[in-house]
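Note that the coordinates shown come from a computational prediction; the quantities given were computed from them, not determined experimentally. Start at 1 and go down the list; that is how both ligands and their atoms are numbered.
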Amino acid sequence: MPILKKATAKKENSMQSQDEMLLPKLPVPPLQQTLDTYLRCMKHLVSEEQYKKTKTIVEKFGAPGGQGELLQKKLLERHEKMENWVLHYWLDDMYLNNQSALPINSSPAVIFAHQQFQEADDQLRFAAHLISGVLDYKALLDTHAVPVDFARGQLSGHPLCMKQYYGLFSSYRLPGLTKDTLVSQKSNVMPEPDHIIVACNNQFFVLDVVINFRRLSAGDLFTQLRKIAKMAENEEERLPPIGLLTSDGRLEWAKARAILMEDSTNRDSFDMIERSLCLVCLDSPGGGELSDTDRALQLLHGGGYNKNGANRWYDKSMQFVVGRDGVCGTVCEHSPFDGIILVQCIKHLLKHMKEGAKKLVRADSVSELPAPRRLRWKCSPDVQGHLASSAERLERLVKNLDFIAYKFENYGKEFIKKQKMSPDAYIQVALQFAFYRLNMRLVPTYESASLRRYEAGRVDNIRSATPEVLTFVKGMEDKRSALPNSEKMQLFKSAIAAQTNYTILAITGMAIDNHLLGLREMARETFDELPDLFTDEAYLASNQFILSTSQVPTTMEMFCCYGPVIPQGYGACYNPQSEYILFCISSFKNCPETSSSKFAKAISESLMDLKELCSRSSLTSTSIQAKVEGCHPATKL
Ligand code: COA
C-alpha cells in the first residue's frame, strides 16, 4: 500500500492553489494482489462450479510469463507516462461508451429545500440570485481561489485533487454514433463563455451575463429573466421542444443531432448551448405533491414530456431547475465531476443566495439592457419523427421509475460513532443485510470511493458484498442456528472490519475494479482477442451492479439522488447526518425482483436490528464489567 504524506500545516495550506501542490500519482496495484482479491470477492457470489472455472482462468492469466504479466508491465509503463493511468479508460467505461439515456440512468440530481414562491417574480428573483451565485463561484474558479479540499473520515487530512471543479461550468457531453465525447471549453481556443441558457416553456434563450465588460448584478439578471418569461409566453413564437432529444438514448440523439446540424441556424443554436456556462430551467408547476420524493422525481426526469421533461438540455453539465411551484435543484451530466464536487459548489451557491436574499432585488437596471435572444431551430419532418419517439421513450422511462426518499430517524452517525465503528461501513453492512433479508443472497455491489488523494483522481469501487458480511447476515437471519448475541456481535464486528479495510484499500488506489478495467483495456490494445478472464461469466456478473450505492453527505438543506445502473438493480444514495440518515432508493417498476419501498423498509428494519444488537451486547459487556467490579449494573446508575 502506498504511503501518503499527510499535509502539514493544514490551515495555512487551505488557500494554497492546487497548481502549487504536487499530489502523488494513482498507483497500479500488484497483479497478484488484485487477482487474489477478485477471487475472494466473487467466491461467495457465484456457484461452486463457476468458481472452480473462474479460479482456473485467473490462475492461467496470472501465471509467470502469462498474459497478465505482460499487460501489467504495459500498465506500469502507462503509469509512468501519464498523469493518471486509468482516467481515460474509466471515463469511457463509466460514461462515454454508455449509450443509455442520461436522465435517471446517469445524471444525478441535487434537490434543494422547497421554496415558497407567492408570485412569478419570486421564482425569477430566486433564479437571479442563483445565477449571481454561479458567477461569483465562477470568478473564484477563474482565479484559482477555491480553497483546497482536505480528506475527512478515513485517513483524514490529505489534500485532495481540485481538477474536477474546473469542469463544472466548462464541460459539454457530445452524443456520438459510437461513443460520446466530453468536450472541455478550457481546451478550446474559444473565449471563456459569458452567457447562460435559460429554458422556459421548452424554449431556449441566451442570457448574456457580461455586457460591456460588466458582470450583471442580481437586479439586472432579474430584469432579463422577466423579459425571457414574457417572450416564452408568446405562443406564436413557440418552437419545437428540441431539448427533448437530449433525454433520449445517446445513439438516437446523435442521429437526430446529425440531421439538425445540416442547417446553419441549428448549428448556431447548438454552439450557444454548448459554449454556455450552464442552464437555468424555469419550470412550470409539476402538478404533483411536494414531498421529498416528488421533488426528487421532478429533478431526476422533469415529470415527462407533458410536464417539464423537455425543458432541459441533458448534455450540459450543470442544469439548475427553478420551478414555479418552488421545486428547485440541480441535475448534472456526471462525466466531468463526482457528486461531492457538485455538492461543494451548491453549498457555496446556497450560502451566496442566503446572503443575497437579504438585499431586495429590484428590476431597476441603470442602463437599458439588450433583450435576451431566443434560440431558433429548423426542423425537418425527420427531426419531428425523432421528437415523437424521444417523447415516447422519455414517458416510458418516467413511468418505469420506482423511487423513494426515505428518512430513517431513529438514529444517525453519532450513535454509530459511539459504537466505535465507521458510520459508512455500518450503513453498508445494513444495506447488505436489508438486501439479504429480501432476497436470501448477496449480489455484486458498487460503493464509490474517492481517489482524489491522487492526481486527477476520480473514484474506484468498494465491493461491499464481502464474505464476512455474508457470514454475518446469515448468522442474523438463520433462525435455526439462533446464535447467541455475543457471537452475532463478533460476526458484525468482523463484517465492519472487512468493509473498513476494503474502504482503505480503495481510497489508497489498491482496489480491483479500476485495475481489472485497465488490464482489460490494455488487452484490447495488445491482443486480437480478450483473455478468458474478461469473457468469463463471473467477470461479466461482477460488473452487473445490482446494488449501486454511494455516500453523498450534505450539510445544508439539500440532498442527492440517482437511478439504478442496470434494469434489475437498485440505486441507493445515502446521506448520514448526526441524528438521522436519508436514503434515496431507486429501481425500475418493470423488474419483478425489485421494489424501492420494500427495500427502504428492509433497510429501516436492518438498522433497528443492528442497533438492538449493539445495545444488547453493550449491556452484556456492562454486566461482565460490573461483575468484575463486584456490583450489579443497576446499582451504578
Ligand atoms: N469510531 C468512531 N468514529 C469513526 C470510526 C470509528 N471506528 N470510523 C470512522 N469514524 C468517524 C470518522 O472519523 C468521521 O468523522 P467526521 O465526521 O468527524 O469526519 C466519520 O466517522 C465518518 O467516517 P466514515 O463513516 O468511516 O466514512 P468516511 O467519511 O471516511 O467515508 C467513503 C468513506 C468511502 C464514503 C469516503 O472515503 C469516500 O470515498 N467518499 C466519496 C464518495 C463519493 O465519491 N460519492 C459520490 C460519488 S458520485
Side-chain angles (χ1 to χ4, degrees), residues 4 10 26 90-91 94-95 105-110 149-158 160-161 164-165 167-168 317 330-346 411-431 445-454 457-464 466 492-511 513-514 545 548-555 558-563 565 571-579 581-582 584 586 614 618:
L4 296 167
K10 189 167 142 188
L26 180 71
W90 178 87
L91 204 57
M94 193 70 145
Y95 298 110
N105 299 311
S106 177
S107 296
V110 171
D149 294 335
F150 285 86
R152 299 193 53 187
Q154 303 293 338
L155 308 183
S156 60
H158 297 285
L160 302 178
C161 178
Q164 292 177 47
Y165 282 94
L168 281 166
S317 18
T330 312
V331 56
C332 80
E333 199 292 288
H334 211 338
S335 60
F337 46 81
D338 300 323
I340 305 293
I341 306 296
L342 175 69
V343 165
Q344 287 296 102
C345 166
I346 293 175
Y411 63 96
K413 265 201 303 192
E414 287 315 309
F415 169 80
I416 305 173
K417 283 190 195 175
K418 281 195 193 119
Q419 312 311 307
K420 300 196 170 29
M421 291 177 188
S422 145
D424 188 70
Y426 187 106
I427 296 167
Q428 283 292 331
V429 169
L431 289 171
T445 303
Y446 187 99
E447 183 198 354
S448 33
S450 175
L451 289 175
R452 287 178 59 217
R453 286 167 173 80
Y454 300 97
R458 292 292 298 260
V459 290
D460 202 345
N461 178 15
I462 304 168
R463 290 191 166 261
S464 306
T466 60
F492 182 36
K493 282 185 178 165
S494 96
I496 292 275
Q499 177 68 22
T500 309
N501 289 339
Y502 205 127
T503 300
I504 292 170
L505 198 78
I507 61 179
T508 53
M510 288 286 133
D513 283 56
N514 281 351
F545 295 111
S548 165
T549 75
S550 186
Q551 179 186 146
V552 187
T554 60
T555 48
M558 59 171 147
F559 64 92
C560 183
C561 60
Y562 54 79
V565 293
C573 186
Y574 53 95
N575 180 354
Q577 295 295 313
S578 299
E579 304 303 333
I581 309 166
L582 183 72
C584 286
S586 53
C614 292
S618 78

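- Looking from atom 4 (C) of ligand 1 to the surrounding protein, the closest heavy atom is Met421 O, 3.9 Å.
- Shown in contact with Ala449 at under 4.0 Å from a heavy atom are these atoms of ligand 1, numbered in order with element: 39 (O).
- Lys418 does not count as a contact of ligand 1, since none of its heavy atoms falls under 4.0 Å from the ligand.
- The closest heavy-atom contact to atom 24 (P) of ligand 1, among the options Gly153, Ser422, Pro576, comes from Ser422.
- Taking each of Gly339, Ala151, Ala506 in turn, the one with a heavy atom nearest to atom 48 (S) of ligand 1 proves to be Gly339.
- The Thr503 neighbourhood of ligand 1 comprises atoms 34 (C), with distances under 4.0 Å to a heavy atom of that residue.
- Within 4.0 Å of atom 36 (C) of ligand 1, not a single protein heavy atom is present.
- Residue-ligand proximity, Ile507 to ligand 1, at heavy-atom distances under 4.0 Å covers atoms 37 (O).
- In terms of protein heavy atoms, atom 30 (O) of ligand 1 is closest to Gln154 N, 2.7 Å.
- For atom 39 (O) of ligand 1, the closest heavy atom belonging to the protein is Ser450 N, 2.7 Å.
- A donor-acceptor pair is defined here as one N or O able to donate and one able to accept, closer than 3.5 Å; no such pair exists between the side chain of Thr445 and the backbone of Ser464.
- Each of the atoms 17 (O) of ligand 1 lies under 4.0 Å from some heavy atom of Lys413.
- Summary of contacts: the protein heavy atom closest to atom 42 (C) of ligand 1 is Ser448 O, 3.5 Å.
- Of the protein's non-hydrogen atoms, Asp424 N, 2.7 Å is the one closest to atom 25 (O) of ligand 1.
- Counting protein heavy atoms only, atom 22 (C) of ligand 1 is closest to Pro423 CD, 4.0 Å.
- Shown here are the salt bridge (charged side-chain N to carboxylate O under 4.0 Å, His left out) partners of Asp513, two or more places apart in sequence or in another chain: Arg463.
- Annotation: atom 31 (O) of ligand 1 to nearest protein heavy atom, Gln551 NE2, 4.0 Å.
- Gln164 approaches Phe337 most closely through the heavy-atom pair OE1-CA, 3.3 Å.
- Note on ligand 1: Leu155 sits outside its first shell, no heavy atom being nearer than 4.0 Å.
- The closest side-chain donor-acceptor pair between Tyr574 and Gln428 falls under 3.5 angstrom.
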Practice item. Carefully, step by step, assess Arg458 and Asn514 under the rule side chain to side chain contact (heavy atoms under 4.5 Å, CB included). Key: CA-CA 10 Å; Arg458 292 292 298 260; Asn514 281 351; over 6 Å; no
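- For an aromatic pair to be called close, the ring centres must be under 6.0 Å apart, and His158 with Phe150 fails this.
- Proximity of Gln419 to ligand 1 is not established, as no heavy-atom distance is less than 4.0 Å.
- Close contacts between ligand 1 and Lys420 involve ligand atoms 1 (N), 6 (C), 7 (N) [criterion: under 4.0 Å to a heavy atom].
- Near Arg152, meaning under 4.0 Å from any of its heavy atoms, are these atoms of ligand 1: 16 (P), 17 (O), 18 (O), 19 (O).
- The protein non-hydrogen atom at the shortest distance from atom 3 (N) of ligand 1 is Lys417 CG, 3.6 Å.
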